[in-house]
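Report on one structure; see the data block that follows.
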Protein chains: 2
Amino acid sequence: MAKELGLGVETIRFYEREGLIKQPQKPQNGYRVYDDSITKQLQFICKAKALGFTLKEVASLMSMDGDCAKVESLGLQKLSLIQSKIADLQRLEVVIKEMTNSCRNNNDQSHCPIIDSLK
Amino acid sequence: MAKELGLGVETIRFYEREGLIKQPQKPQNGYRVYDDSITKQLQFICKAKALGFTLKEVASLMSMDGDCAKVESLGLQKLSLIQSKIADLQRLEVVIKEMTNSCRNNNDQSHCPIIDSLK
DNA sequence: GTAAACTCCGTAGATAGGTACGGAGTCAAT
DNA sequence: ATTGACTCCGTACCTATCTACGGAGTTTAC
């Protein structure tokens, strides 16, 4: 089951402890047996995680099933977070590009404009 | 000193423990006294951190003083990391935008296209 | 029938970057 | 001289998301 989803066994146990999925029924030998509904929950978690939702948010999403407005608002919130992260990183990109450029044009290898600009 | 830089006292002690700055001289009373060189190191750390370097990388940068080529290569590495993060986030942005749009156009509030698409 | 490979459980450790606590000493002001 | 605010130190704790360990039971393959 773990392999099927590309997760470690420990990871699934962890999700279980965190209440993201319910403990599956365990027959006489004590081993977990996963039914379809848990498999689907795990797939849901994987997909939501890939979209950048935290595990807590995933739990929220799962509990919001049936309230589209709430889900939308969480989505919009995540969207604006993503957009501001993008903006931050783009600003950073410019600065670092400039700095490495000034390194490239530097003749004196023993004296670095990046280090200088940080001082 | 901490306030001057917008850092907590504990944070500075933490940097000291991590070897980012050297322990300042302590006179008879045991209190740290920060000279100019440590102040500058701390400013260096703050600026580098703001550019997205990790503390380990900051330590590297400080030890690379005098080798511009190495610094440049660390900068380029950071640059490509930033660029790939931007690309990832932009892909995510598109997906989440689509999802929230489909929510907005959804009439049945009790049935959410986002949840559906994650299932 | 036995050895390898798997699962169980609870707990501890890793990562990064701090933050908080508690008891003791110290400094500045009144 | 006492109060309040500050520092010292070591250690533990925090967030988030796992990952690893150890000892025991189980299942499977030969």
Side-chain angles (χ1 to χ4, degrees), chain A residues 1-35 38-39 41-63 74 77-78 81-82 85 88-89 92 118, chain B residues 1-35 38-39 41-63 74 77-78 81-82 85 88-89 92 118:
Chain A
M1 177 74 210
K3 273 179 208 152
E4 208 173 298
L5 291 163
L7 298 172
V9 176
E10 307 286 344
T11 306
I12 293 177
R13 285 196 350 105
F14 171 73
Y15 290 164
E16 203 178 281
R17 276 203 302 286
E18 298 294 303
L20 282 161
I21 54 177
K22 30 179 212 273
Q23 289 247 143
Q25 314 286 35
K26 285 182 273 185
Q28 71 292 353
N29 64 10
Y31 282 27
R32 289 165 180 79
V33 174
Y34 296 94
D35 61 13
I38 297 182
T39 309
Q41 281 175 17
L42 281 169
Q43 286 167 347
F44 182 100
I45 294 169
C46 292
K47 286 187 197 170
K49 237 167 47 81
L51 289 176
F53 290 99
T54 66
L55 294 183
K56 267 187 194 163
E57 287 166 341
V58 175
S60 294
L61 282 174
M62 294 200 297
S63 75
L74 189 53
Q77 191 183 314
K78 194 49 75 175
L81 192 70
I82 288 169
K85 267 191 197 166
D88 285 353
L89 286 175
L92 215 59
L118 291 171
Chain B
M1 178 74 211
K3 273 178 207 148
E4 209 172 296
L5 291 163
L7 298 172
V9 176
E10 307 286 344
T11 306
I12 293 177
R13 284 193 355 101
F14 172 72
Y15 290 164
E16 204 178 282
R17 277 203 302 286
E18 298 293 302
L20 282 161
I21 54 178
K22 31 180 209 265
Q23 289 247 142
Q25 313 285 33
K26 286 182 274 185
Q28 72 291 353
N29 63 11
Y31 282 28
R32 288 166 181 80
V33 175
Y34 296 94
D35 61 13
I38 296 182
T39 309
Q41 280 175 18
L42 281 168
Q43 286 167 347
F44 182 99
I45 293 169
C46 291
K47 286 187 197 170
K49 238 168 47 81
L51 289 175
F53 290 99
T54 65
L55 295 183
K56 267 186 195 164
E57 286 165 340
V58 175
S60 295
L61 281 173
M62 295 200 297
S63 75
L74 189 53
Q77 191 183 314
K78 192 50 78 176
L81 193 68
I82 288 170
K85 267 190 197 166
D88 285 352
L89 286 174
L92 216 57
L118 290 172

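Only this structure's heavy atoms are used, side chains among them; waters, hydrogens and symmetry mates stay out. Proteins come first, then strands; the chains are lettered A, B, ... in the order of their sequence lines, and each starts at number 1.
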Less than 4.0 angstrom between a side-chain N/O of [X] and OP1 or OP2 of [N], yes or no?
X        : N       : answer
Lys49(B) : dG18(C) : yes
Tyr15(A) : dC18(D) : yes
Asn29(B) : dT7(D)  : no
Thr11(B) : dG17(C) : no
Lys56(A) : dA16(D) : yes

* Asked: Per the atom types in the model, does the base of dG25(D) pair as donor or acceptor with the side chain of Tyr31(A) at under 3.5 Å?
  -> yes
Would you mind reading off the distance between [X] atom [atom1] and [N] atom [atom2], rounded to a whole angstrom?
X        : N       : atom1 : atom2 : answer
Leu42(A) : dC18(D) : CG    : P     : 12 Å
Met1(A)  : dC8(C)  : CE    : C1'   : 18 Å
Arg17(B) : dG18(C) : CZ    : P     : 12 Å
Lys26(B) : dG25(C) : NZ    : P     : 16 Å
Ile45(A) : dC18(D) : CD1   : C1'   : 14 Å
Arg32(B) : dC27(C) : CZ    : P     : 15 Å
Glu10(B) : dC14(D) : CD    : P     : 16 Å
Leu7(B)  : dT19(C) : CG    : C1'   : 13 Å

So how far is it from [X] [atom1] to [Y] [atom2], rounded to the nearest 0.5 Å?
X        : Y        : atom1 : atom2 : value
Leu20(A) : Ile12(A) : CG    : CD1   : 12.0 Å
Ile45(A) : Glu18(A) : CD1   : CD    : 11.0 Å
Arg13(B) : Arg32(B) : CZ    : CZ    : 5.5 Å

Exercise. Hey, does Arg13(B) reach any base, or is it just sugar-phosphate, or nothing, if we go heavy atoms under 4.0 Å?
Worked result: base
Between Leu55(A) and Gln23(B), just flag the one whose closest nucleotide in DNA chain D comes earlier from the 5' side.
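Between the two, 5'-proximity favours Gln23(B).
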*Given side chains that start at C-beta, do those of Lys85(B) and Lys85(A) come closer than 4.5 Å, heavy atoms only?*
no
- prompt: Do the non-hydrogen side-chain atoms of Leu55(B) and Phe14(B) ever get within less than 4.5 Å of each other?
  reply: yes
- Query: Taking the side chain of Val9(A) as heavy atoms from C-beta outward, which of dC18(D), dC8(D), dC8(C) is closest to it?
  - Reply: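 The nucleotide sitting nearest to the side chain is dC8(C).
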